[in-house]
Protein chains: 2
Amino acid sequence: MLCVVKSTRWLSDDEQKVWRTYLLANQLLWAALDRQLQRDAGMPHAYYMILAMLSEAPNRELTMSQLARMVGSSPSRLSHAVSRLEQAGWVRRRKHDTDGRTTVASLTDDGFAVLAAAAPGHVEEVRSILFDPLTPEQVEQLGAIVAAIVAPNDGRAPHL
Amino acid sequence: MLCVVKSTRWLSDDEQKVWRTYLLANQLLWAALDRQLQRDAGMPHAYYMILAMLSEAPNRELTMSQLARMVGSSPSRLSHAVSRLEQAGWVRRRKHDTDGRTTVASLTDDGFAVLAAAAPGHVEEVRSILFDPLTPEQVEQLGAIVAAIVAPNDGRAPHL
DNA sequence: GGCGGAAAGTTGAACTCTCAACCATCATCG
DNA sequence: CGATGATGGTTGAGAGTTCAACTTTCCGCC
């Protein structure tokens, strides 16, 4: 056992159990989500989120920075992802009109179509795995919990 | 907006918000965890979990299947990971005595040392990101919530 | 005994992600 | 005006993951 090693603030047995179960739940969720999206839309969840964010933006376009913040990606990751999406014809890139540094990504009609096709199945999956097993009170509690976890990083864009 | 597209069981505004915040909290957690472990132990969280599970097992060894179930990996992923860990000298592989199909992975002394060195920092990270921001009631609630999410897959080994 | 299928693992290729290095453009200030 | 630093983004290499195909071994049954 490791817990004899030093005086650290180890997790209590209860905390340990919550943590381990959390990890398991998470893996279940991601595995199911990624598999569903890969099967039905041919893309991982991160890419789906990019399309989703673009679809809700005014004029269906956002700068790379905005996008990166919204989906919680590093600039690099986003750049690679958008390259891929562009290559698939779902997103287009162009230079910003007034600021030569920034590039704007916009959702194409094809991209929107793919998103629209994938969305129902995706929502159904989220619902069946996350929301259906929970009572309304638990959903509310979960909302407060995740809010509390995110809160310390309220300073926007936690340089992920 | 996508929600005009079809009659799906879309998420309510509240559910939507919980879901988005959950995604963000998750990303924060993983990013911090992976960065801390990469920095302090030179391995991603998935690898840490493998060492951790082995360290708690009787005689510090487990079959690949057992290990895969415990850490929630696909056989392939685990095989690649263990190859890497073996190459680092932290894990050893050998054939099972009586069943020629199965291979057992065991934690080396070096592996245990690396784990012991990384553990305190890791626990501290988990604590500061997940448990510290939560009240004791919330921790309890979270426990119930993740248990409810995992429960439907009680049938062990959800073929991840 | 031998055959068919299940179980346990491994492998290779394609893909995604991370990390560090890098380029270009804007802002500011002497 | 021109240097300096900050901002926005991209690139390439290396590491990790996924997916499908494959091998080997075990089990049950004719």
Side-chain angles (χ1 to χ4, degrees), chain A residues 26-27 30-50 61-88 91-105 156-157 159-160, chain B residues 26-27 30-39 41-51 61-88 91-105 156-157 159-160:
Chain A
N26 237 6
Q27 251 149 359
W30 285 111
L33 242 55
D34 266 336
R35 217 149 12 140
Q36 186 265 325
L37 278 176
Q38 197 66 53
R39 176 165 44 74
D40 295 357
M43 73 183 113
H45 183 256
Y47 290 25
Y48 177 90
M49 281 299 285
I50 293 174
E61 61 183 22
L62 290 169
T63 71
M64 296 299 275
S65 299
Q66 293 174 319
L67 207 42
R69 257 195 295 103
M70 297 179 73
V71 305
S73 269
S74 69
S76 170
R77 184 188 184 191
L78 183 68
S79 188
H80 283 300
V82 169
S83 295
R84 203 85 192 63
L85 292 171
E86 192 172 25
Q87 183 179 327
V91 167
R92 248 192 310 271
R93 259 195 278 224
R94 63 175 167 75
K95 279 235 158 293
H96 190 283
D97 294 333
T98 71
D99 187 335
R101 292 171 297 182
T102 86
T103 80
V104 199
R156 246 68 199 81
H159 52 66
L160 283 165
Chain B
N26 237 5
Q27 251 150 358
W30 284 111
L33 242 55
D34 266 336
R35 220 149 11 143
Q36 184 267 325
L37 278 175
Q38 196 66 54
R39 176 165 44 72
M43 72 183 114
H45 183 256
Y47 289 26
Y48 177 89
M49 280 299 286
I50 293 173
L51 298 190
E61 60 182 23
L62 289 168
T63 71
M64 296 298 276
S65 299
Q66 293 174 319
L67 207 41
R69 257 195 296 104
M70 298 179 73
V71 305
S73 272
S74 68
S76 170
R77 185 188 185 192
L78 183 68
S79 187
H80 284 300
V82 168
S83 296
R84 200 87 192 60
L85 292 172
E86 191 173 27
Q87 184 179 326
V91 166
R92 247 193 310 272
R93 260 195 277 223
R94 64 174 167 74
K95 279 236 158 295
H96 190 285
D97 294 332
T98 71
D99 188 336
R101 293 171 298 181
T102 87
T103 81
V104 279
R156 249 62 198 83
H159 51 67
L160 285 164

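Just so it is clear: chains get the letters A, B, ... in the order the sequence lines come, proteins before strands, and each one is counted from 1. Below, all heavy atoms of this structure are taken into account, side chains as well, without hydrogens, waters or symmetry copies.
- If you check distances only, the side chain of Thr102(B) never reaches the base of dT25(D) with a donor-acceptor pair under 3.5 Å.
- Applying the side chain to side chain contact (heavy atoms under 4.5 Å, CB included) test to Met43(A) and every residue at least two apart in sequence or in another chain returns Ala41(A), Tyr47(A), Tyr48(A), Leu51(A), Trp90(A), Val114(A).
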Between the protein and nucleotides 14-16 of chain C, which nitrogen or oxygen pairs are less than 3.5 angstrom apart?
{"residue": "dT16(C)", "atom": "OP2", "partner": "Arg84(A)", "partner atom": "NE", "Å": "2.6"}

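- Rounding to whole angstrom units, CZ of residue Arg101(A) and P of dC26(C) are separated by 7 Å.
- Listed by first and then second residue, the salt bridge (Lys or Arg N to Asp or Glu O under 4.0 Å) pairs involving residues 94-105 of chain A are Glu61(A)-Arg94(A), Asp99(A)-Arg101(A) (not counting sequence neighbours).
- The nearest whole Å value for the distance from the NE2 atom in His80(B) to the P atom in dG9(C) is 15 Å.
- Per the geometry, NE2 belonging to His96(B) stands 15 Å off P belonging to dT25(D), to the nearest Å.
- Phosphate proximity of dT10(C) to Arg93(B): present, with a side-chain N or O under 4.0 Å from OP1 or OP2.
- Remark: Asn26(A) pairs with Tyr22(B), Asn26(B) by the side chain to side chain donor-acceptor pair (under 3.5 Å) rule, at least two apart or across chains.
- Protein atom CG of Leu67(A) is 20 Å distant from nucleotide atom P of dT7(D), rounded to whole Å.
- With sequence neighbours left out, the salt bridge (charged side-chain N to carboxylate O under 4.0 Å, His left out) criterion links Arg39(B) to no other residue.
- The terminal axes of the helix from dG1(C)-dC30(D) to dG30(C)-dC1(D), fitted over 5 pairs per end, subtend an angle of 0° to the nearest 10°.
- For residues 74-88 of chain A, the pairs satisfying salt bridge (Lys or Arg N to Asp or Glu O under 4.0 Å) are Glu86(A)-Arg93(A), with sequence neighbours left out.
- Between dT10(C) and Ser79(B), a contact under 4.0 Å exists linking OP1 or OP2 to a side-chain N or O.
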